[in-house]
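Treat the numbers as computed from the prediction; the structure is a model and nothing was measured.
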Amino acid sequence: MREISINGSARAVIGKKATKEVRKNGNVPCVLYGEKRDEKGLPVAEHFTVSEKEINKVFFTPHVYLVNINIDGTEHKAIVKEVQCHPVKDNVLHVDFYEVVADRPIVVGVPIAPKGLAEGVRAGGKLMAMIRKINVKAPYAAIPEKLDIDVTALGLGKSIKVGDLHFEGLELVTPKEVIVCTVKMTRAAMGAAAAAAKG
């Protein structure tokens with residue numbers, strides 16, 4: 001799993017007015033949920049800000065990162081729990097991070113990477129990825145940058161489901177019935193099949 005480092009500053013004041021001021025100054029309000037618990041046993045939220053430039057390094061990329069967050073000199077390892085983006089401008093408005101520890105499994109979405117030339121594609125079909133990521137559970141050190149999926153034997157009209165896959169050391173959390181990729185019949189392939197049937 002790739003790692004990336006960002007720098008943040010603790011927020012002393014929170015609320016709508018303070019949040020508007022944070023964004024006006026080119027920063028993004030963030031929250032880190034970590035190991036600390038309150039008297040009710042709930043995670044203690046640590047509020048901080050990160051510059052838009054820094055936060056964009058995490059999101060505007062195809063990679064999934066373990067994020068090393070430096071908040072006023074204190075280091076935290078975290079993953080992104082939730083992100084809110086502007087519905088029109090698409091810029092990041094708010095991020096929730098979840099602190100991780102080395103020996104505790106986490107759940108994270110890992111990009112899929114189909115490998116090989118599918119039989120169905122050689123027959124004129126088109127390979128289509130139905131999802132971009134599969135959720136996996138494992139300690140962060142065991143999580144790969146991507147999940148390689150061999151599609152070589154995939155024929156026309158056939159699909160690979162999450163339940164068909166296995167990766168050493170990873171528990172797949174995405175439901176087994178979810179289709180990962182499929183080879184769809186194209187018009188050209190249908191025409192060729194019809195011509196072959198006519199003889």
Could you check whether any side-chain heavy atom of [X] comes within less than 4.5 Å of a side-chain heavy atom of [Y], counting everything from C-beta outward?
X      : Y      : result
Glu46  : Ile71  : yes
Lys133 : Val110 : no
Ile143 : Val108 : yes
Pro29  : Arg23  : yes
His76  : Leu32  : yes
Val64  : Pro111 : yes
Pro144 : Leu170 : yes
Phe59  : Val80  : yes

Worksheet item: Passes salt bridge (charged side-chain N to carboxylate O under 4.0 Å, His left out), Lys158 versus Glu119? Steps please.
Response: CA-CA 10 Å; Lys158 301 298 182 182; Glu119 285 181 13; over 6 Å; no
Is there a path from [X] to [Y] through hydrophobic residues (I, L, V, M, F, W, Y) whose side chains come within less than 4.5 Å of each other?
X      : Y      : value
Ile131 : Ile179 : no
Ile79  : Ile134 : yes
Leu147 : Ile106 : yes
Ile69  : Ile4   : yes
Leu165 : Met128 : no

Measuring from [X]:[atom1] to [Y]:[atom2], what's the distance to the nearest 0.5 Å?
X     : Y     : atom1 : atom2 : value
Phe48 : Asn7  : CZ    : CG    : 10.5 Å
Lys57 : Ser5  : NZ    : OG    : 7.5 Å
His94 : Cys30 : NE2   : SG    : 7.0 Å
Ile14 : Lys17 : CD1   : NZ    : 15.5 Å

Worksheet entry | Check against side-chain contact (heavy atoms from CB on, under 4.5 Å), Val92 and Gln84 | CA-CA 6 Å; Val92 178; Gln84 295 173 13; over 6 Å; no
Has [X] got a side-chain atom pairing as donor or acceptor with [Y]'s backbone, closer than 3.5 angstrom?
X     : Y     : value
Asn56 : Lys53 : no
Asp72 : Ser9  : no
Arg2  : Leu66 : no

Contact summary for [X] and [Y], nearest pair of heavy atoms:
X      : Y      : value
Val151 : Pro114 : CG1-CB, 4.0 Å
Ala129 : Cys181 : CA-CB, 4.1 Å
Ala123 : Leu156 : CB-CD1, 3.9 Å
Val31  : Ala45  : CG1-CB, 3.5 Å
Lys77  : Tyr140 : CD-OH, 3.3 Å
Ile6   : Phe97  : CD1-CZ, 4.1 Å

Discussion item. How about CZ on Arg122, more than 12 heavy atoms from neighbouring residues, nucleotides or ligands closer than 6.0 Å, or not?
Written reply: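 Yes - once you tally the heavy atoms of other residues, nucleotides and ligands closer than 6.0 Å, there are more than 12.
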Practice prompt. Decide yes or no on side-chain contact (heavy atoms from CB on, under 4.5 Å) for Ile149 and Ile160, but give the supporting numbers first.
Written response: CA-CA 9 Å; Ile149 298 172; Ile160 294 175; 4.0 Å; yes
Fill in: CA sep, side-chain torsions, deciding dist, call: Asn25, Ser51, side-chain contact (heavy atoms from CB on, under 4.5 Å)
CA-CA 9 Å; Asn25 293 328; Ser51 73; over 6 Å; no
Worksheet item: Which salt bridge (charged side-chain N to carboxylate O under 4.0 Å, His left out) pairs, counting each pair once, include a residue from residues 79-104, with sequence neighbours left out?
Response: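 Listed once each, the pairs are Glu35-Arg104.
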Practice prompt. Check each of Thr49, Asn27, Thr19 against Arg11 using the side chain to side chain donor-acceptor pair (under 3.5 Å) test, and report the only one that passes.
Written response: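 Of Thr49, Asn27, Thr19, side chain to side chain donor-acceptor pair (under 3.5 Å) with Arg11 is met by Thr19 alone.
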